[in-house]
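In this chain, numbering begins with 1 at the start of the sequence shown. For clarity, every value in this text was computed on a predicted model and none was experimentally measured.
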Amino acid sequence: MIGLIFDMDGVLYRGKEPVEGSRELINFLKENGIPFIFLTNNSTKDPSMYREKLLSMGIDVPEGVIVTSGLATRLYMERHFEPGKIFVIGGEGLHREMERLGWGTVTVEETRKGAWKGVEYVVVGLDPGLTYEKLKYGTLAIRNGAKFIGTNPDTTYPAEEGLYPGAGSIIAALKASTDVEPLVVGKPNGPAYEIARERLGNVDEVWMIGDRLDTDILFARRFGMKAIMVLTGVSGLSDIEKTGIKPDLVLPSVRELLDYLKTLKEAPE
């Protein structure tokens, strides 16, 4: 049995607009009992927030199939680290996940009063409300010995107007100011694979469907998955030659993936 892992932004939708065929594809998978999960490197929302976003586009899935880099970071920290105070640079979804850990988060207001000295983890994701002050206290905490954890390496993400700065851009700023290499959880790295494989369950073959060569397709290559690239997001055909990261299959969009799966289903055993 195959299991499918989908990136979300640039694959199922772009910004607030669904990609044509995405709803029909997910309905087909549900109707035919084909296991799938959504694995996004975007940590600004948690699974409940993403479920609402998907519902607004007519895609109805349970929260349990949605894995964000924020959720993966929380689960990884629960399993591999001891509790300690956390300073979060990120959106609402990442703040929610870190609060669910129950270890205690330190606010910017508290860092102004010196609380950065007691921070044991600086966790960084995409932060639409990024300020110099957040970078300052993140830098001070990391230089004071706090562990530096990044949710994902994406330097950009696709939106309606084009490509916006991503979590990787913020992580890069902190790397430059601290000279510390972070643990990065999201695709294409091992911590994300550990969580995704667990959620997907017992399948014989895994397909990774994504729009970014440097995260989704490299992720598939690293961990022995079939790499399917769609052209509705960040990377284009010319980028394959530039990067040397080669997918197994390139499709215009997930609509063609639905056609491909229907053909496989109808093929004689």
Side-chain angles (χ1 to χ4, degrees), residues 4-26 29 36-47 49-59 61 65-72 91 93 125-126 128 151-171 184-189 192 196 206-221 225-240 242-243 245-260:
L4 281 65
I5 301 176
F6 290 92
D7 180 44
M8 293 169 68
D9 209 344
V11 176
L12 299 173
Y13 54 78
R14 189 175 177 114
K16 296 177 182 176
E17 294 299 316
V19 170
E20 188 179 345
S22 57
R23 184 178 65 229
E24 292 80 5
L25 170 60
I26 300 308
L29 298 176
F36 66 91
I37 64 165
F38 299 159
L39 178 62
T40 176
N41 267 358
N42 192 328
S43 63
T44 57
K45 294 180 175 65
D46 71 358
M49 296 163 75
Y50 271 116
R51 183 171 188 275
E52 290 303 313
K53 177 170 183 167
L54 290 163
L55 268 176
S56 73
M57 300 177 192
I59 299 171
V61 295
V65 305
I66 303 169
V67 180
T68 69
S69 62
L71 170 62
L126 174 59
T151 58
N152 67 285
D154 301 45
T155 53
T156 60
Y157 74 96
E160 291 91 344
E161 295 172 295
L163 296 180
Y164 293 175
S169 299
I170 302 170
I171 291 166
V184 181
V185 173
K187 299 171 292 184
N189 299 316
V206 181
W207 296 4
M208 176 71 223
I209 301 95
D211 66 306
R212 290 187 74 111
L213 288 163
D214 59 346
T215 53
D216 303 319
I217 305 307
L218 183 57
F219 185 56
R221 284 276 161 260
M225 297 178 272
K226 182 170 183 173
I228 300 174
M229 176 177 157
V230 292
L231 301 176
T232 46
V234 174
S235 300
L237 289 172
S238 62
D239 296 315
I240 296 172
K242 288 177 195 170
T243 62
I245 303 168
K246 292 185 167 49
D248 294 303
L249 185 65
V250 178
L251 296 172
S253 73
V254 289
R255 184 177 64 179
E256 287 75 24
L257 178 61
L258 174 58
D259 296 337
Y260 182 54

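- Contact annotation: the side chain of Val254 approaches that of Val11 to within less than 4.5 Å [non-hydrogen atoms, C-beta and beyond].
- Side-chain N or O atoms of Thr155 include none that pairs as donor or acceptor with a backbone N or O of Ser169 at under 3.5 Å.
- A donor-acceptor pair shorter than 3.5 Å cannot be found between the side chains of Thr232 and Arg255.
- Thr215 places none of its side-chain heavy atoms less than 4.5 Å from the side chain of Asp7.
- Contact annotation: the side chain of Asp248 approaches that of Arg221 to within less than 4.5 Å [non-hydrogen atoms, C-beta and beyond].
- At a cut-off of 3.5 Å, with distance as the only test, no side-chain donor of Asp9 or Asn42 sits close to an acceptor on the other residue.
- Residues Lys187 and Arg212 fail the side-chain proximity criterion, which asks for heavy atoms closer than 4.5 Å.
- Under the rule for a ring pair (Phe, Tyr, Trp, His ring centres under 6.0 Å), the partners of Phe36 that lie at least two apart in sequence or sit in another chain are Phe38.
- Note: Lys16 NZ to Met57 CE = 9.5 Å, rounded to the nearest 0.5 Å.
- Here CD of Glu24 is found 10.5 Å from CG of Asp259. Values are rounded to the nearest 0.5 Å.
- The CG atom of Asn41 sits 7.0 Å away from atom CG of Asp216, with the distance rounded to the nearest 0.5 Å.
- At a threshold of 4.5 Å between non-hydrogen side-chain atoms, the residues Arg51 and Leu54 do not count as touching.
- Nearest heavy-atom pair across Gly233 and Arg14 is O-NH1, 3.3 Å.
- Of all the heavy atoms in Ser22 and Leu12, the pair that sits closest is OG-O, 3.2 Å.
- Taking CG from Leu249 and CD1 from Ile228, the interatomic distance works out to 5.5 Å, rounded to the nearest 0.5 Å.
- Atom CG of Asp214 and atom CD1 of Ile245 lie 6.0 Å apart (nearest 0.5 Å).
- Taking the side chain as every heavy atom from C-beta outward, Ile59 and Tyr13 never approach each other to under 4.5 Å.
- The two residues Ala227 and Ile217 come nearest to each other via the heavy atoms CB-CG2, 3.9 Å.
- A donor-acceptor contact shorter than 3.5 Å is absent between the side chain of Ser43 and the backbone of Gly125.
- Scanning all heavy atoms of the two residues, the minimum distance from Asn152 to Ser69 falls at OD1-OG, 3.9 Å.
- Note that the OG1 atom of Thr156 and the CG atom of Asp154 stand 7.0 Å from one another [nearest 0.5 Å].
- Closest heavy-atom contact between Ile5 and Ala196: CD1-CB, 4.2 Å.
- Taking both residues in full, the closest heavy atoms of Ile66 and Pro47 are given as O-CG, 3.5 Å, listed atom of the first, atom of the second, then distance.
- Every residue was checked against the salt bridge (charged side-chain N to carboxylate O under 4.0 Å, His left out) condition with Arg23, not counting sequence neighbours, and none meets it.
- In this structure the side chain of Leu25 reaches within 4.5 angstrom of the side chain of Phe6, judged on heavy atoms.
- For the pair Met229/Ile240, a side-chain contact is recorded, criterion being any heavy-atom separation below 4.5 Å from C-beta on.
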